[in-house]
K.L.:
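Structure provided below as structure tokens; questions to follow.
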There are 2 protein chains.
Amino acid sequence: MAKTSQAAGLHRASLAKLHELDAALELMYYGWRGMTLKADAYLAKQGLSRPHHRILYVVARRPDIAIGALIEILGISKQALNRPLNLLLERKLLTSKRSPEQHRSKLLRLTEAGRRIEQRASDHERQALREAFERVGASGAAGWMGVMEAIADNN
Amino acid sequence: MAKTSQAAGLHRASLAKLHELDAALELMYYGWRGMTLKADAYLAKQGLSRPHHRILYVVARRPDIAIGALIEILGISKQALNRPLNLLLERKLLTSKRSPEQHRSKLLRLTEAGRRIEQRASDHERQALREAFERVGASGAAGWMGVMEAIADNN
DNA sequence: GCCTCATGTCAACTATATTGACTTGAGGAT
DNA sequence: ATCCTCAAGTCAATATAGTTGACATGAGGC
């Protein structure tokens, strides 16, 4: 699917800072890229990409989730979910079966192969976080979490 | 251009945590979204989107940048740059003129209107950061920067 | 006059999303 | 049985964001 991602500022561009917070703003951008770079490269090797990983990630943490609930969590339309989801089913990374009571909905689960890929992709991301946390120590990590929570809830 | 972005996990989904660092992993995702949410909404009102903002952001910090250098920094192909750049020129948010010595290259600058839009969009992002930094104090902010730098340089 | 280089443009393709309209298949209710 | 609802699936059209490849233009340099 996705081509191996381009240089795309592999080297953080040095731009003049017009505001005090410009450095932080750019760090958010490059931080996101730094965290996802290796995971995306791994996924590309498997013929998968970010949307597939998002599906695998959620299903891993919500076994037997129904399709409607998955759509809600991912925040995309069912048509947008359709392609990547079917690919994952065809490749037998996911299974779907009808619920015993609620026959209307289909329940999704990871297969062993799906679990393995989800683990490896997420591990690349966690590894980037782990190294960074180790470098700054526990108090820095706590600060990072606090800031990210505040930003995440900024609605 | 972009439709007003969907709910898309406006409420951070509560998923079981399979690993210690899953919470941090999700925070990176929601943090990025939290920072860009209002900026994207503002840009959409102006009929612009993230790529346009990226161009405006860089040109604001590198006045008289040539197109080739802009392509390098953004990490996209000239063909991909073409559409958003021409829109910005048509809408007179950017000007281009040939360099006095280096007549081969074109130099880009923001117009007043372009500067205003760049400022407002980036302000939405900086505001999210500012509030978060205020909430956690200087040491938390320093921790955040340290972690993000480590992740950004994780190549 | 030719070569190079920066820019511009055309075409075809891929991937990720959207909205709208419609179908299918399973249960529930009368 | 028939009708209604609901979850899921599918088809079509569109937008956005990117890619490669090929080729055109226009300004200097030699």
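Naming: A, B, ... by sequence-line order, numbering from 1 per chain. As the structure is a prediction and not an experimental result, all values here were calculated from the model.
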K.L.:
What integer distance in Å separates A/His53:NE2 from C/dT16:P?
P.N.:
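Checked: the NE2 to P distance equals 14 Å.
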K.L.:
Give the rounded distance in Å between these two atoms: CZ of A/Arg98 and P of D/dA7.
P.N.:
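The answer, rounded to whole Å, is 12 Å.
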K.L.:
Within this structure, what is the CZ-to-P distance between A/Arg50 and D/dA17, rounded to whole angstrom?
P.N.:
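Value for this atom pair: 19 Å.
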K.L.:
Tell me the interatomic distance from A/Leu87, atom CG, to D/dT10, atom P, rounded to whole angstroms.
P.N.:
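It works out to 14 Å between those atoms.
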K.L.:
Will you find, in the side chains of A/Ser122 and A/His53, an N or O donor that is under 3.5 Å from an N or O acceptor?
P.N.:
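A donor-acceptor contact under 3.5 Å links the two side chains.
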K.L.:
Checking side-chain contact (heavy atoms from CB on, under 4.5 Å) between A/Leu108 and each of A/Val58, A/Asp64, A/Leu88, A/Leu85, which is the one that passes?
P.N.:
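When A/Val58, A/Asp64, A/Leu88, A/Leu85 are each tested with A/Leu108, the side-chain contact (heavy atoms from CB on, under 4.5 Å) holds only for A/Leu85.
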K.L.:
Give a yes/no on whether any side-chain N or O of B/Lys106 is located under 4.0 angstrom from OP1 or OP2 of C/dG8.
P.N.:
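So the side-chain polar atoms of B/Lys106 do come within 4.0 Å of the phosphate oxygens OP1 or OP2 of C/dG8, strictly under.
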K.L.:
Tell me whether the rings of B/Trp144 and B/Phe133 are parallel (<30°), tilted (30 to 60°) or perpendicular (>60°).
P.N.:
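Ring orientation, 0 to 90° scale: perpendicular.
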K.L.:
Return no unless some side-chain N or O of B/Ser105 is found under 4.0 Å from OP1 or OP2 of C/dA6.
P.N.:
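Looking at the OP1 and OP2 atoms of C/dA6, neither is under 4.0 Å from any side-chain N or O of B/Ser105.
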K.L.:
Answer with yes or no whether the side chains of A/Arg130 and A/Gln127 bring together a donor and an acceptor at under 3.5 Å.
P.N.:
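The answer is yes; a qualifying pair exists.
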K.L.:
Rounding to an integer number of Å, can you tell me how far B/Leu81 CG sits from C/dT7 P?
P.N.:
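Taking atom P of C/dT7 as the reference, CG of B/Leu81 is at 10 Å.
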K.L.:
Of the nucleotides C/dA21, C/dT9, C/dT18, which has the atom closest to the B/Lys78 side chain?
P.N.:
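The nucleotide sitting nearest to the side chain is C/dT9.
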K.L.:
Using heavy atoms to find the nearest nucleotide of DNA chain D for A/Ala69 and B/Arg54 separately, return the residue whose nucleotide is more 5′.
P.N.:
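That would be A/Ala69.
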K.L.:
So, do A/Ile65 and A/Ile73 sit near enough that their side-chain heavy atoms are less than 4.5 Å apart?
P.N.:
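In contact.
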K.L.:
Please tell me if A/Ser77 has a side-chain N or O lying less than 4.0 Å from either OP1 or OP2 of C/dA17.
P.N.:
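No, because none of the side-chain N or O atoms of A/Ser77 sits under 4.0 Å from OP1 or OP2 of C/dA17.
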K.L.:
Could you give the CD-to-C1' distance, from B/Gln79 to D/dA24, as a whole number of Å?
P.N.:
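So the CD-C1' distance, B/Gln79 to D/dA24, works out to 13 Å.
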K.L.:
Expressed in angstrom and rounded to an integer, what is the separation of A/Leu88 atom CG from C/dT16 atom P?
P.N.:
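Nearest whole value for this atom pair: 11 Å.
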K.L.:
A/Ser49 side chain: which of C/dA21, C/dT18, C/dT16 is closest?
P.N.:
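Nearest to the side-chain atoms of A/Ser49, counting from C-beta on, is C/dT16.
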K.L.:
What is the distance, rounded to the nearest whole Å, between atom CG of A/Leu85 and atom C1' of C/dT16?
P.N.:
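Rounded to the whole Å, the gap is 15 Å.
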